[in-house]
Novice: 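I have a structure here, written as structure tokens, and I will follow up with some questions on it.
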Amino acid sequence: MFPYLRSQRVNLQLLQETAARELMQNLDSIEGSKIIVLDESMVGHLELVTKPEMFTDRGIKLIALKPESRTPKDVQNIIYIVHTQVKLMDQLATHLKDNNQQGRQYYIFFVPRRSCLCIKHLENLDVINAFTHIYELTWNFFPLDSDVVSMEMPNAYRDVSIDGDTTALFQASIGLVQLQRLYGRIPKIYGKGVMAQFVWDHAKQLAIDEKSLYNGDKGAIDQLILLDRGIDLLSPLATQLTYEGLIDEFYGIHHNKLTLPAEHFPAYIISGSSTAGSEDPERLVGDKDRKTIFLHSGKPLYAELRNKNFNEVRILLARKVKDIQAQMNVNRQEQTVQEIKSFVERLPQLMEEKKETSVHTAIAGLIDERINVYSFSDDLAAEQEFMICADIDKSSAYIEDQIARRAELRNVLRLICLQCAAASGFKERVLNSYKRELAQVYGLEVLLTISHLEKAGLLRTQTESRAYAVLRKTLHLTVDDSVEINPKDISYVHSFYAPLTARLVEHSLKPLGWQTLKSQINNLPGPTFEDFQVQLIGIGGRHAVGATPSESSLMHARRVVLVFFVGGCTFAEIAALRFLAAQEDNNVEFVIATTKVINKHSFLDSLMSS
Amino acid sequence: MPIMNNTGEWFKVRPDYYRKVELATPDWPIDFDLEYMQVAVAPYGGPLAAIRDATKLVPVKGAARPMIRIFDTSGNETGHILWNHGKLISMGWSDTEELICVLENAKVFVYDLFGNEKESYSIGGEASVIKIVEAKVFQSAAGTGVAVMTTSGRIFLKQNSNKTERKLPDIPNSNANCSCWEIVTEGRNSYCLLGREREVIKLQHGQTVGTVTANLFEKPHDRIIKISVSYNHQHLALYTNTGLLWLGSVDMRQKYCEFDTGRKDIPLQIEWIMNTHDSDADAVVISYPSYLLIVNRNADRSEIPSDPVMFLVAEMDGVRIISQTSHEMIQRLPKCVQNIFAVNSQAPASYLFEAQKKFEEKSYKSDEYLSMCRSNIELAVNECIEAAAYEFCPETQKSLMRTAYFGKGFIPSHNPEEYMRILRILRVLNTLRHEKIAMPLTYKQFSHLNPEVILSRLVFRKHYAVAIQVAKHLKLPESWILEHWAYHKVMNDQNDNEVARKITEKFKNPSIEGISYCNIAEKAYQNGRSELAIKLLELEPRASLHVPLLLKMGKFDRAVASATQSGDPELVTEVLLEIKKKMMLSNFHMIIREYPLALNMYKKIMMESSRTALYDIYNTEDDHKSIAEYHFYNALESEGLESNLSNIGNSYAQGRCTVEAELCADTARMLKLQKTLSTKHIGAAEFNGLSIHDTMYELLKIGELKEVEKIKSDYKVPDRRFWWLRILTLAEKYNWVELEKFSKSKKSPIGYEPFVEVCLQRENVREAQKYIQRCPDKRKVYWYTRAGLYEESIDCAFEQRDLHSLYELQSKMQLIRDPVLLEKICHYIGMLEARR
């Protein structure tokens, strides 16, 4: 049902099927005709693990939780699938009261777990008794692609760092236990950072009772690396230069989907895609003037392009177009009948390729326009100056100019935070002058935003160690002779800067890698830790003897490493890891887990909101 | 053929063999004499309850008050009940080893085997009003029930305390008294069989009258005096005053035999002997004082002399005989045992047994015996294993198992599972039969009860160590046994530290799974031992499990601690909501401020529900910055920033946020200034609420340069920004003359690139060009290109010998297809490359 999730070692289809089964079993246990009411953010989540057919086959209709959405009169059961957010409960209660009918049954499915706050709120709203049953859908990780799972919690980093609310981390711990239940015990664990440690400690604590995990052989995943977003705040703020990263930054990729105004695409592409089922959940929030494009590895062309530097994408697309043209325009008269036959057979595929190519040419064209704006390249130049630690201890003239010109606040703050990350903190004088400048130009309210950024660690005063400057040298975070086309190093994802997180993973792959790294990354915030989950030796003791060699004898096989970005990661970081996996020498496969795929805009937005 | 001493206790009741097996001899207390006792014995080697028989004349010893004493089969007293409830009619044991005592007034008391009262109830109905004369405790598929016969001759059944009593139909023509009665169960129903004169009457619930069956006997007699139903409720034995015995099916349709015992004395008891190999019975045992008589369906007999007083206990596979000096069991000889040990046995197992013995003696005859059973060796081995299971003597068990072990060596690919299983079970059975445990069970009983029940019986008898060993041996879960042990410790040991220490010692064994300190702590709390409960909770590593009990105990502080320790924000929230209801707010604050996670979650909850509560918390924590921000947010929401600024600023200052405090003061001043400005420039511009920068901008737009310069110095606006402001506003007004003048007024602190930029923004290339010339050399190429002045750009790049820029320009020219410029570039590039 989700062919693009399929893979050999850690098949994420399993995760999707488990999630879908959980929902369907609960649904099937409710008798009578049903309708599902979804909170709007749930729509995308649901699409990641279910197909519309699953609902149409059962005769279940999906509607969005909106004040104006009405439920048909003849439906016996109304099922609300909602996130555990208190503010959704008001909507839910109103919707319920508006659609209340005699003899109807109501249910709530909370994702990812029930919450006493929500229930209490429903009590206060005096609707709790209307519900026949309250279920939980313990969905913590959603599969995005064959190698990426996401918790789809955009505010994870913000909640933890600003509010001290560790819900996201605890859910991550639960998620890790769930993953191990599906894919087996992970024998080796490395990690860095406070949040990472929290996640691991609690995952371990929660797994105490999972005896079966520890009695069996090791699972499909050989290693887990937990990386705290807090150790590298520069990478998520930097402009990504991969194709996928740029698409996300300019237009936003949500649940593997990109939505763009239809006018940018040739008419035949738009008409071709509207055949999707009418019950498609996306239709709930759909819009006829917009075109939705699915972006995942199920699309061969996109799979090829997504992780490339945009400069290479231009070339590849041009080549592709030429290629297709060549194939279409061969002189048929000179061909034998056989040749023509084989051409005709390949025609549908060729047409599909052509369609895909034209879609991506259109997208690339849109990106090209946005990139060729001077402000884009000026910002990029400033960023890159920071990355190489040029003049980093003074307040930056570029930023001051931007403030003076009253440029967009978010971008100004981004540049300041980026400078701060590169400088590993400001001198107090510099920070104060920025504060003064910002307040004088953007008004006093900006102080509240700054306070958030300070709590989140994005703005801070200098400490003794200059972690970034040191690591830039020792881990080669910036590469002088970087190339963007056919690169040899992961630094291509930001033109010449290699994301620290990806570099850490790269180094940990080497023999004794983590041991060597440990001393190097001491200056980064938070603890460095490692852990092992060995097989428990049973009373018989028979298994344990046989188990040790089998675990080590797999050394020559490809290692599978689960890299968990606690607090979010960017598409550029994902691209860097995919690049590492593609290098034969590394002999490694990655599964990437994150609280949410973020970019410079979405990351700052989550931190700035009050 | 082998002659074994094992055969000594065998006796024949044609055509079958029976045997009497000696179990561990009971060691009754000196003051205990069965002769004067009314006794009730539980099956499955269960306990024995005895009370002085009021109908017998007894030499009074010890206390005069009646007492029920409870013993195990070895004669150890496990408990006693000082009887003060009135006249006891009957006692019996339930299938869960509870002692059921029925009183004359139809009250029923239930005790455990230690003599602790568990419950009491009344039979109810008519039985409570009229006294009862006789009572019987009977087993049925629905559990253990009680039947009573009232003085009026009516019979009532009651299954248990929750069910209502059932009255059986009246006895027809009830002018003559019944001599004996028995309860029979059939599926889930029970009915009563009564012996009266020469008839048997069947009383079944739901029928209006009883059915009478007469003329069962051929020989003359006056009345039936004993009636006995087999353990499986299939067979019936009747005994007359003339010593006649009638054996037949329980429905009395089939008569097996009528047997004249020739005795005139009244038998003590009659019990059917259930077969060992199937659930049927072929013989009865009748006990007379000092004498046992065994009679089978074929009317063959055998007799055994015995102690003067004895009690027969019907088991599922035999009859136990308890007397003052011995404890024995009569059972039908299992076929396999007979095959091996019988004189002249030709069975392969018998040969194998002999072969093994000779083998041990290192005799060549071993091979001869072996060859006689070689073709049937598998059968022989299996028979030996089976026989071992039936044996009571460990030596015999061993020799049989040794034989099986010897024999299985001759079977290729023999499956040892059964051998292993029996071996394990035998060890357990031998342990159970030991006098300390005193649960003499046969293999069949063991299999029927199943190990879990046996473990729970062991646990109930507080044989924890043995229970754990048995569980280990049979590979059954053992943690619950430990848990019971711990409960026991909690209830009985008064030293908190000692109990906690002992329990951890036992629990820390890693092989023990799924054991929870919390359950034990809960028990401790129920027993009023809060201190111990907390000690035990501290031992539980999963902090989340502590919370419910701690909340129940009112230990809110610890509940918060445990919840935060678990790291589960949901649990923390739950605890917070719970305890906030029950505590003073100030105490609540005091508690949660110790726990950051709890504090954070509380703040988060309050943020959404009641912001003022936050203020209290910030106050208790002296978090002045947060207080400032709290006021700030409130001010923004109520649009009353101005009146609150001093408040906000003060809080900032207290929180050592100097810059923020200064900025508040600046803003306050600015707001004042804006008012005057607004009145001054009424109609021309509106300033209220603008930032300092924007105020300057608005003023510049209306040309108030003086005011702007004053603000600049008052608010320490940096030169750079001032210049930008000037440039931007001038360009906005297309005031190029003024712009140029301004550019020449002083050396620009921001360079001349911004000038270029603003000109280009307004698409004034000519003006821009002026400023490009004043830009630093290395930036000129960039600005020329941006201005679209490619020729200048190319020249400039060439002057700078900037090959890189030339290449870039080259590709750009290719795009815009300007052949002249392209040629020029190529020329320059050629020159520069040549010079390298």
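Since we're looking at a predicted model, the values are computed, not measured. Within every chain, numbering begins at 1; the chains are lettered A, B, ... in the order of the sequence lines, protein sequences first and strands thereafter.
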Novice: Is it the side chain or the backbone of B:Glu574 that comes within 4.5 Å of chain A heavy atoms, both, or neither?
Specialist: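 Both backbone and side chain of B:Glu574 come within 4.5 Å of chain A.
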
Novice: Between A:Ser173, A:Ser451, A:Ser433, which has the largest tally of heavy atom pairs under 4.5 Å with chain B?
Specialist: A:Ser451

Novice: On the six-membered ring of A:Tyr374, is B:Arg786 placed so that its NZ or CZ lies under 6.0 angstrom from the centre and within 45° of the ring axis?
Specialist: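 Yes; both conditions hold, so B:Arg786 lies above the ring face of A:Tyr374.
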
Novice: Check each atom of B:Tyr697 against the heavy atoms of chain A and say whether the ones under 4.5 Å are side chain, backbone, both or neither.
Specialist: neither

Novice: Which pair of non-hydrogen atoms, one from B:Leu577 and one from A:Cys116, has the smallest distance, and what is that distance?
Specialist: CD1-SG, 4.0 Å

Novice: Can you tell me which of A:Gln440, A:His202, A:His121, A:Arg113 forms the most heavy-atom pairs within a distance under 4.5 Å of chain B?
Specialist: A:Gln440

Novice: Does B:Arg669 qualify as a cation-pi partner of B:Tyr715, given the criterion of NZ or CZ under 6.0 Å from the six-membered ring centre and within 45 degrees of its axis?
Specialist: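 Satisfied, under 6.0 Å and within 45°.
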
Novice: Please examine the side chains of A:Val82 and A:Met89, heavy atoms only from C-beta on, and report whether any two atoms are closer than 4.5 Å.
Specialist: yes

Novice: Side chain from CB out, backbone as N, CA, C, O: work out which of these in B:Ser566 comes under 4.5 Å of a heavy atom of chain A, or both, or neither.
Specialist: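 It is the backbone, since no side chain atom gets that close.
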
Novice: With a 4.5 angstrom heavy-atom cut-off, is it the side chain or the backbone of B:Glu753 that approaches chain A, or both, or neither?
Specialist: neither

Novice: Please examine the side chains of B:His631 and B:Asn644, heavy atoms only from C-beta on, and report whether any two atoms are closer than 4.5 Å.
Specialist: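 Contact flag for B:Asn644/B:His631 side chains = no.
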
Novice: With only heavy atoms counted, which part of A:Phe198 is less than 4.5 Å from chain B, the side chain, the backbone, both or neither?
Specialist: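 Answer is side chain: those atoms of A:Phe198 sit under 4.5 Å from chain B.
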
Novice: Among the options A:Asp163, A:Ile450, A:Leu169, pick out the one with the most heavy-atom pairs lying under 4.5 Å from chain B.
Specialist: A:Asp163

Novice: Can we say A:Glu400 and A:Lys394 salt-bridge, meaning some charged N sits less than 4.0 Å from an Asp/Glu carboxylate O?
Specialist: no

Novice: What part of A:Asp401 gets closer than 4.5 Å to chain B, counting heavy atoms only: side chain, backbone, both or neither?
Specialist: both

Novice: In terms of heavy-atom proximity below 4.5 Å to chain B, should A:Lys120 be classed as side chain, backbone, both, or neither?
Specialist: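 Just the side chain, heavy atoms under 4.5 Å.
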
Novice: Identify which part of B:Cys657 has an atom lying under 4.5 Å from any heavy atom of chain A, answering side chain, backbone, both or neither.
Specialist: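 It is neither, since no heavy atom gets under 4.5 Å.
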
Novice: Are any of the side-chain nitrogens in A:Arg436 or B:Asp666 under 4.0 Å away from the carboxylate oxygens of its partner?
Specialist: no

Novice: What part of A:Glu437 gets within 4.5 angstrom of chain B, counting heavy atoms only: side chain, backbone, both, or neither?
Specialist: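 Both parts, heavy atoms under 4.5 Å.
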
Novice: Heavy-atom distance under 4.5 Å to chain A: side chain of B:Leu645, backbone, both or neither?
Specialist: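 The side chain, not the backbone.
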
Novice: Count the heavy-atom pairs under 4.5 Å between each of B:Asp568, B:Ile605, B:Leu725, B:Leu728 and chain A, then report the option with the highest count.
Specialist: B:Asp568

Novice: Do B:Lys701 and B:Glu732 come close enough that some side-chain heavy atom pair is under 4.5 Å?
Specialist: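 Yes - at least one pair of side-chain heavy atoms lies under 4.5 Å apart.
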
Novice: In terms of heavy-atom pairs under 4.5 Å, which option from A:Asn432, A:Thr167, A:Leu431, A:Asp165 contacts chain B the most?
Specialist: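 The residue among A:Asn432, A:Thr167, A:Leu431, A:Asp165 with the greatest pair count is A:Asp165.
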
Novice: I'd like to verify something: which residue of B:Ile692, B:Val572, B:Leu641, B:Ile727 has the highest number of heavy-atom pairs under 4.5 Å with chain A?
Specialist: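 So the answer, after comparing B:Ile692, B:Val572, B:Leu641, B:Ile727, is B:Ile692.
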
Novice: Is chain A contacted by the side chain of B:Val717, its backbone, both, or neither, given a heavy-atom distance below 4.5 Å?
Specialist: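 Both backbone and side chain of B:Val717 come within 4.5 Å of chain A.
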
Novice: Taking 4.0 angstrom as the limit, do B:Lys712 and B:Asp719 come out as a salt bridge?
Specialist: yes

Novice: Salt bridge or not for A:Glu454 and A:Lys435, using N-O below 4.0 Å?
Specialist: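 A salt bridge links A:Glu454 with A:Lys435.
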
Novice: So for B:Tyr602, is it side chain, backbone, both, or neither that comes closer than 4.5 Å to the heavy atoms of chain A?
Specialist: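 Looking at B:Tyr602, nothing touches chain A.
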
Novice: Between B:Lys604 and A:Asp159, is there a salt bridge with N-O shorter than 4.0 Å?
Specialist: yes

Novice: Keeping A:Arg114 on the side-chain end and A:Ile134 on the backbone end, is there a donor-acceptor pair under 3.5 Å?
Specialist: yes

Novice: Which one, B:Glu660, B:Met601, B:Lys625, B:Met607, leads in non-hydrogen pairs under 4.5 Å with chain A?
Specialist: B:Glu660

Novice: Heavy-atom distances under 4.5 Å only: say whether B:Thr667 touches chain A with side chain, backbone, both or neither.
Specialist: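 Contact with chain A: side chain only.
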
